[in-house]
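Scroll down for the structure; my scribbles are underneath it.
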Amino acid sequence: MNTLQALDVAIVQAPMAGATTPRMVAAVSNAGALGSLPAGYASPETFREQIAQVRALTDRPFAVNAFVGEYTPPPDDMMRAAHERLRRYRDELAIPHPDAPPVAATSFRAQFEVVVDTRPAVFSFTFGIPPGDALEQCRALGIFTIGTAKTVAEAVALERAGVDAVCAQGFEAGGHHGNFLEPLEESLIGTLALVPQIVDAVSIPVLAAGGIGDGRGVAAVLALGAVAAQVGSAFLLSEESSLPPASRRIIASEAARRTTLTNVFSGKHARGVVNRFIDEMTGAGEIAPYPYQNGLTTDIRAAANAQGRPELVNLWAGQAARLAKPLPAAEIVANLVREARAATEAARAALGDAAHAAPSGGAKPKQ
C-alpha cells in the first residue's frame with residue numbers, strides 16, 4: 001500500500017534529530033500529515049521506546065528514519081588529533097577532557113532490527129541505499145520505504161533498488177545532506193531545479209525537501225510534480241519541539257537567515273545556523289570522519305545546551321528557517337495547508353488573467 005496516498009494532506013514532517021519528539025510526530029500524524037521519528041544516534045533501546053511513545057499518542061501512520069551505513073574507526077592518530085583540537089572548548093565549558101577519544105558510532109543494522117520488530121508504516125533513510133535484504137524485509141512486512149536523493153542519478157539508483165518513493169533533497173535543506181554517489185560539491189542542486197528533473201526520471205512517487213518554510217513552498221513543489229512536501233524547519237519552534245530555549249531564540253532571530261553547510265560537528269556536511277564553533281573550526285585539519293566527529297563533540301554540545309551556549313551547538317536549520325512560528329504542530333500543519341491552497345488559487349488566478357490578457361502590441365485575442 002502507498003502510505004502517502006492515505007494521508008489527508010500532502011505534508012511530511014522531516015525527521016530532525018535534536019528537535020523532534022514523539023509528541024511532535026504524533027501531533028503531525030493526528031493532523032492528517034505524516035510525522036517522522038528520527039533514530040539519529042539513538043541506541044536501539046531508546047529508539048524502540050520512542051516508537052512506543054508515538055504509538056501511545058496516535059493510531060495514524062508515521063515514519064521512522066535512520067542513517068544508512070556501517071563505519072570503520074579512523075586511525076588512532078587522526079582520532080587523537082581531532083580529540084585534542086576540542087580541548088579548548090571543554091576547558092571553556094568546565095567539563096572533563098577524556099584521556100582517550102570517546103567513540104560513539106551508530107549501527108544501522110541494530111536500528112533496523114527495531115524497525116523490523118515494530119513495523120512502522122513508513123521507513124525512510126538517508127546517506128545511501130540499505131542492503132537488499134533489508135529492503136526485501138520491508139516489502140515482506142508491508143513497510144513503505146522512502147530513500148533520500150540529492151541528484152537524479154541517486155533517485156534512479158534508489159528506484160532500481162526497489163525503494164517505494166524518493167525524497168528529493170535540495171541544497172536549501174537543513175540538517176545532514178544525504179548524497180551518496182557523488183561528492184557534496186557535485187550534488188548541490190536547488191529544490192526547484194531538482195524536483196522536476198527527478199519527477200521526470202523515475203516512476204515512483206517523489207517527495208520534495210529543502211527551503212519549504214510555509215504553504216507557498218508546499219504549493220510550489222506540488223506544482224513541480226512532487227506528491228508531498230517534506231517540511232522540517234517550520235516545526236523547530238513548535239510547542240512539541242525539544243529545541244532548548246537558547247536555540248529557539250536563535251531560530252526566532254535574524255541570525256537564522258545565515259546558514260551554511262558544515263562538517264565540524266559530525267564529520268558529514270549538514271546545514272545549520274552559523275555560529276562561533278563553525279567559524280572557528282571550519283578549515284581545521286583535525287576533523288574526524290563521520291560519525292566519529294559526532295561522538296567527539298557530543299559532550300561539548302550537551303554541556304553547551306545545558307549552559308545556554310548556542311554558539312557551541314549544532315543548530316540544524318534550513319534556509320527558510322526564519323519563517324518558523326511558535327505554534328502547536330497541528331496548527332502548523334493546518335497553516336501550511338491553508339497557505340498552500342491560497343497560493344494555488346493565486347497562481348491559478350494569475351494564469352487566468354494572463355490567458356485573457358491582450359497580446360503585446362494591443363491586438364485583441366482571436367475569438
F67 and its ring pair (Phe, Tyr, Trp, His ring centres under 6.0 Å) partner, picked from F125, F180, F127
F127
Say whether, by atom type as modelled, one donor and one acceptor occur between the side chain of Q53 and the main chain of R23 under 3.5 angstrom.
no
May I ask you to say whether R87 pairs ionically with E84, meaning some side-chain N is under 4.0 Å from a carboxylate O?
yes
Flag for S36-N65: side-chain donor and acceptor within less than 3.5 Å
no
P289 vs M78 side-chain heavy atoms within contact, under 4.5 Å:
yes
Is the closest side-chain heavy-atom distance between V115 and F47 below 4.5 Å?
yes
R216 side chain to A343 backbone, donor-acceptor under 3.5 Å:
no
R301 side chain to T298 side chain, donor-acceptor N/O pair below 3.5 angstrom
yes
Tell me yes or no: between the side chains of E182 and S187, is some donor less than 3.5 Å from an acceptor?
no
Between atom CG of L34 and atom CZ of F144, what is the distance when rounded to the nearest 0.5 Å?
9.5 Å
Does any non-hydrogen side-chain atom of L86 lie less than 4.5 Å from one of F277?
yes
Any non-hydrogen side-chain atom of H83 less than 4.5 Å from a side-chain atom of M79?
no
Does a donor on one side chain sit under 3.5 Å from an acceptor on the other, for S238 and S241?
no
In the structure I gave you, are the side-chain heavy atoms of Q307 and E92 within less than 4.5 Å of one another anywhere?
no
Output yes when a side-chain donor or acceptor of Q169 lies under 3.5 Å from a complementary backbone atom of H176, and no otherwise.
yes
